[in-house]
Amino acid sequence: IRKFPKNRNASIHEYVERFRPMSSAMASFLAAAVLARANIMVSGGTGTGKTTLLNALGRTIPEQERVVTIEDTAELVLGDRHVVALQSRVGNDEGDNAVSIRDLVRNALRMRPDRIIVGECRGGEALDMLQAMNTGHAGSMSTAHANSSAEMILRLETLVLQAGESLPVRAIRQQIVAGIDLIVQLSRFADGRRRVTEIAEVVTMDPRTDEVIVEPVFRHVAHGSSGAGRFVFTGYVPSAMPAILDAAARSGLAVDDLLVSQEEMP
């Protein structure tokens, strides 16, 4: 049984003030990335707060944009934005009339969305989601289960293979590199605290090994097994930074605070 907070209409900065999962600079960076129409995957284990963060990021989307949300269970609350909410359906006793997430993703492409938000990719719909990100639906977002940003790439490869299209691994990795801009990694610590442990950019494919290169932009350095620690900027400036800074300036975000050296978090 999942119990959601009463106030699910919080912005990204209100979400940070309440739960303290990341630094204010990281929140501003993610908000500006959403406004710059970066494709974002939120990864983490069960109960790490992926949907809560996805909801906060979704509320950063400008209200005039048409958003299609696709979920198994309606959990996203995006306020007064132009939202079309789609929900999957299980079949009857004979297995008829079922509507899968993949069916909804395909149908969403015909609904003139500016962005598509899939509550969670757990099967072949990952392929359709990547194709949507690569064909004019920039700024789309989703979540998936993974224990690190690097493992998220392997997870996506596995999910795409479940689509049954018999694609070569190199082609799948090319789709991932072309479609996904940022991976936000969440973890739950021993004391129950949930933290954004890494924000990484999907850079490119290694021409020699065909491995997908993922570069961390922000990282959480924990003090022991508890959630206490500090959030640090790794020094890597993502390739989309000019567009992110431009979006931040246009929206009134603190541009100078997007990249900071470190911030302590109790």
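Reckoned from all heavy atoms, side chains included, excluding hydrogens, waters and symmetry mates. Here, residue 1 is the first one in the sequence, and each next residue gets the next number.
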Check whether any side-chain N or O of [X] sits under 3.5 Å from a backbone N or O of [Y] as a donor-acceptor pair, and report yes or no.
X	Y	value
Arg173	Asp210	yes
Asn39	Gly139	yes
Arg194	Leu186	no
Asn55	Val77	yes
Thr143	Gly119	yes
Arg195	Arg20	yes
Thr234	Pro216	yes
Arg102	Ala163	yes

Output the distance between atom [atom1] ([X]) and atom [atom2] ([Y]), rounded to the nearest 0.5 Å.
X	Y	atom1	atom2	answer
Arg122	Gln162	CZ	CD	11.0 Å
Arg37	Met133	CZ	CE	12.0 Å
Ile199	Met22	CD1	CE	6.5 Å
Arg66	Arg112	CZ	CZ	5.5 Å
Ile153	Ile172	CD1	CD1	12.0 Å
Leu109	Asp128	CG	CG	7.5 Å

Nearest atoms (heavy-atom pairs only) where [X] meets [Y]:
X	Y	result
Pro113	Val68	CB-CG2, 3.6 Å
Thr69	Ala85	OG1-CA, 3.3 Å
Ala144	Met152	CB-CE, 3.2 Å
Ile117	Gly58	CD1-CA, 4.4 Å
Tyr236	Phe233	O-CE1, 3.2 Å
Ala31	Thr60	O-CG2, 3.6 Å

Give the cluster check for [X] versus [Y]: same hydrophobic cluster or not, with ILVMFWY residues linked at side-chain heavy-atom distances below 4.5 Å.
X	Y	value
Met129	Val160	yes
Met205	Ile213	no
Val217	Val214	no
Phe231	Leu57	yes
Val83	Leu104	no

Sub-4.5 Å side-chain heavy-atom contact between [X] and [Y]:
X	Y	value
Met141	Ile61	yes
Val196	His220	no
Leu130	Ile180	yes
Arg115	Val34	yes
Arg106	Glu125	no
Asp114	Val67	no
Leu54	Glu120	no
Gln175	Gln131	yes

Exercise. How far apart are the C-alpha atoms of Asp103 and Ser100, what are their side-chain angles, what is the distance that settles it, and do they pass the side-chain hydrogen bond (donor to acceptor under 3.5 Å, both in side chains) test?
Worked result: CA-CA 5 Å; Asp103 295 332; Ser100 67; 3.0 Å; yes
Exercise. Do Glu201 and Ser239 meet the criterion of a side-chain donor-acceptor pair at a distance under 3.5 Å?
Worked result: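 Yes.
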Problem set entry | Verdict with supporting geometry, Phe29 and Met241, side chain to side chain contact (heavy atoms under 4.5 Å, CB included) | CA-CA 9 Å; Phe29 175 81; Met241 201 61 199; 3.9 Å; yes
For this session: List the steps, then state whether side chain to side chain contact (heavy atoms under 4.5 Å, CB included) holds for Leu127 with Leu159.
Result: CA-CA 8 Å; Leu127 174 60; Leu159 294 178; over 6 Å; no
For this session: Take Phe189 and Thr197 through the test side chain to side chain contact (heavy atoms under 4.5 Å, CB included) and record every step on the way to the result.
Result: CA-CA 10 Å; Phe189 291 85; Thr197 54; 4.0 Å; yes
For this session: Kindly determine whether Glu198 and Ser187 satisfy side chain to side chain contact (heavy atoms under 4.5 Å, CB included), including the steps that lead there.
Result: CA-CA 9 Å; Glu198 193 173 79; Ser187 297; over 6 Å; no
Exercise. Salt bridge between Arg59 and Glu14, side-chain N to carboxylate O under 4.0 Å?
Worked result: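 A salt bridge is absent here (no side-chain N lies under 4.0 Å from a carboxylate O).
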